[in-house]
Amino acid sequence: MVGFDNAHPVPTQGGPAGKKRVVNDHRHRFKTIRPYDYKDAATLLEDFWAQVDSVLKEEGVIS
């Protein structure tokens, strides 16, 4: 349901011209994949658990 990785490149569109670029750091949330701006391990863990909490709330597992 939630994952962050850099194991494979992900093409993205950015800017008003829609120029494509490829990023390796990204996050998975359900079936969507979005670029992720990696800063450091502590921030990655904080962002991961925030996404986990968000999904659990969305799915009604926690309030």
(message) Do F30 and I33 sit in one hydrophobic cluster, given that two such residues count as connected whenever their side-chain heavy atoms are within less than 4.5 Å of each other, even indirectly?
(response) no

(message) Give me each pair satisfying salt bridge (charged side-chain N to carboxylate O under 4.0 Å, His left out) with a member in residues 41-63, each pair once, sequence neighbours excluded.
(response) R29-E58

(message) Check for me, please, whether V10 and Y38 land in the same ILVMFWY cluster - side-chain distances under 4.5 Å, paths through other members count.
(response) no

(request) Please name all residues satisfying ring pair (Phe, Tyr, Trp, His ring centres under 6.0 Å) with F4, sequence neighbours left out, ordered by chain then number. (result) Y36

(request) Please round to the nearest 0.5 Å and tell me the distance separating atom CG of D25 and atom CG of N6. (result) 5.0 Å

(message) Looking at every non-hydrogen atom in both residues, tell me the closest pair between H26 and N24 and how far apart they are.
(response) ND1-O, 2.6 Å

(message) Please say yes or no: joined through hydrophobic side-chain contacts below 4.5 Å, possibly via intermediate residues, are V55 and V61 part of one cluster?
(response) yes

(message) Run the side chain to side chain donor-acceptor pair (under 3.5 Å) test against D37 and tell me which residues pass, sequence neighbours left out.
(response) none

(message) Can you see whether D5 engages H28 through a side-chain donor-acceptor pair at a distance of less than 3.5 angstrom?
(response) yes

